[in-house]
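Sequence lines set the chain letters: A, B, ... in the order given, protein chains first and strands last, and positions in each chain run from 1.
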Protein chains: 2
Amino acid sequence: MARINRAAAKEKFLRFLEQKNLRMTSQRMAIIDTVFSTDQHFTAEQMLDWARERDQAVSRATVYRTLPLLTESGLVHEMDFGKDYKYYDPNYADSPNHNHIICQDCERIVEFESDKIEKLQGEISQSLGFSLKAQQLRITASCDELKRLGACKNKAS
Amino acid sequence: MARINRAAAKEKFLRFLEQKNLRMTSQRMAIIDTVFSTDQHFTAEQMLDWARERDQAVSRATVYRTLPLLTESGLVHEMDFGKDYKYYDPNYADSPNHNHIICQDCERIVEFESDKIEKLQGEISQSLGFSLKAQQLRITASCDELKRLGACKNKAS
DNA sequence: TAATTTTTGCGTCTCAGTATCAAAAGTTTT
DNA sequence: AAAACTTTTGATACTGAGACGCAAAAATTA
Ligand SMILES: [Mn+2]
Ligand SMILES: [Mn+2]
Ligand SMILES: [Zn+2]
Ligand SMILES: [Zn+2]
């Protein structure tokens, strides 16, 4: 589940902008540089902070405008992890078939791939009249395995 | 995936209230009557509308206060279906092991149970250091099977 | 350089949900 | 049953993520 490398990401984004008659600007550059220097799942506000460390001239509005462009171009995916804000995942361009398990106590997110579950997913979807395209699977659980080791910062501890 | 019957639900809620030194009021009664007359997944705003049809004297505030009580008592479950508002599920008391598949185009939600996927879920969770309790699984897909039949009201059609 | 198009940043708005608080309703004590 | 106390209610204000409108700035084209 490694992210796409920064040069390739820039390349792809440039082609996307060109094709939509949009311009590469210093702010957009700062944002995609920041996005593709992490493989963590991040929020818009986090991205704003990080991008500003790199380039002061990045506004909240531009971040909120650029993330949908990155999404549309396929470089990141919008993720819903059950919080009331969106997450973005920079790891999809490179591994489009991974899924996530989320701890509902802390916010630990772990990626995984499983042929078996992917197959079952497809079978279930189909049997219920859903198509396969763009499917995604999320498991919500508790990491008290990790809690016992002191790794899970459970809020209600 | 049938919901618990209304009388049993009221009974359970009464015991819950008693045990927490809370009172059964006409508003709370109207709300749980409404909740357990549907087996649909609903939002707080929907519940407000429906409960008001039954009893004018139900305010938004009371709905937003009662739903967490019903959740805490185990009669409903808070659900996140990827929208920016919560859903509530009245079907958990009776079938606590069901999962959901959601169409990302329309908002169709279909419940399903699968021993196979449940087993895999447990295996994956465990192998990644997550515990089994309170796990839940959500599949996001597109129902273009149904779309072809004109059943899916896809927004971007 | 001038005209045109795109982008930016600020401020305002929306919307679900929470917090506040005084009035109302229910309970317990005298 | 009146007084004292507790819980609940509803109106209103507030919050926080994100969308939107607009005038200024930047980039492109003429
Ligand atoms: Mn991921
Ligand atoms: Mn359900
Ligand atoms: Zn955890
Ligand atoms: Zn659909």
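Here A/Y64 does not reach the OP1 or OP2 of D/dA19: none of its side-chain N or O atoms lies under 4.0 Å away. When the side-chain nitrogen and oxygen atoms of A/T62 are compared with OP1 and OP2 of C/dG9, one or more of them lie within a distance under 4.0 Å. OP1 or OP2 of C/dT8 has at least one side-chain nitrogen or oxygen of A/T25 nearer than 4.0 Å. Between A/K83 and C/dA16 there is no side-chain N or O to OP1 or OP2 distance below 4.0 Å.
Nearest to the side-chain atoms of B/L22 among the listed nucleotides C/dG17, D/dT9, D/dT8 stands D/dT8. The listed nucleotides are C/dC10, D/dT28, C/dT8; the one nearest the side chain of A/R23 is D/dT28.
Atom pair B/F81:CZ and C/dA16:P shows a separation of 18 Å (rounding to whole Å applied). Atom CD of A/Q56 is separated from atom C1' of C/dG9 by 14 Å (rounded to the nearest Å). Atom-to-atom, CD of A/E45 to C1' of D/dA17 comes out at 7 Å; the value is rounded to the nearest Å. Between B/M47 atom CE and C/dG17 atom P there is a gap of 13 Å when expressed in whole angstrom units. Rounded to whole Å, the distance from CG on B/D84 to P on D/dA19 is 9 Å.
You won't find any donor-acceptor pair under 3.5 Å spanning the side chain of B/R28 and the base of C/dG26, going by distance alone. With hydrogens and angles ignored, a donor-acceptor pair closer than 3.5 Å exists between the side chain of A/R65 and the base of C/dG9.
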Could you please spell out the steps behind the salt bridge (charged side-chain N to carboxylate O under 4.0 Å, His left out) verdict for B/D33 and B/K10? CA-CA 8 Å; B/D33 275 341; B/K10 265 182 194 164; 2.9 Å; yes
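Relative ring orientation between B/Y85 and B/Y87 is described as tilted, the plane-to-plane angle lying within the 30° to 60° band. Using bins of under 30°, 30° to 60° and over 60° for the plane-to-plane angle, the ring pair B/Y88/B/F42 lands in the parallel bin.
Annotation: the span from A/N91 atom CG to A/L75 atom CG amounts to 12.0 Å, rounded to 0.5 Å.
At least one donor-acceptor pair closer than 3.5 Å links the side chain of B/R3 to the backbone N or O of B/F36.
Comparing B/R60 and A/N21 along DNA chain C, the residue whose closest nucleotide (by nearest heavy atom) sits nearer the 5' end is A/N21.
Contacts of B/Q27 with the nucleic acid, taken as non-hydrogen atoms under 4.0 Å apart, involve only primed sugar atoms and P, OP1 or OP2.
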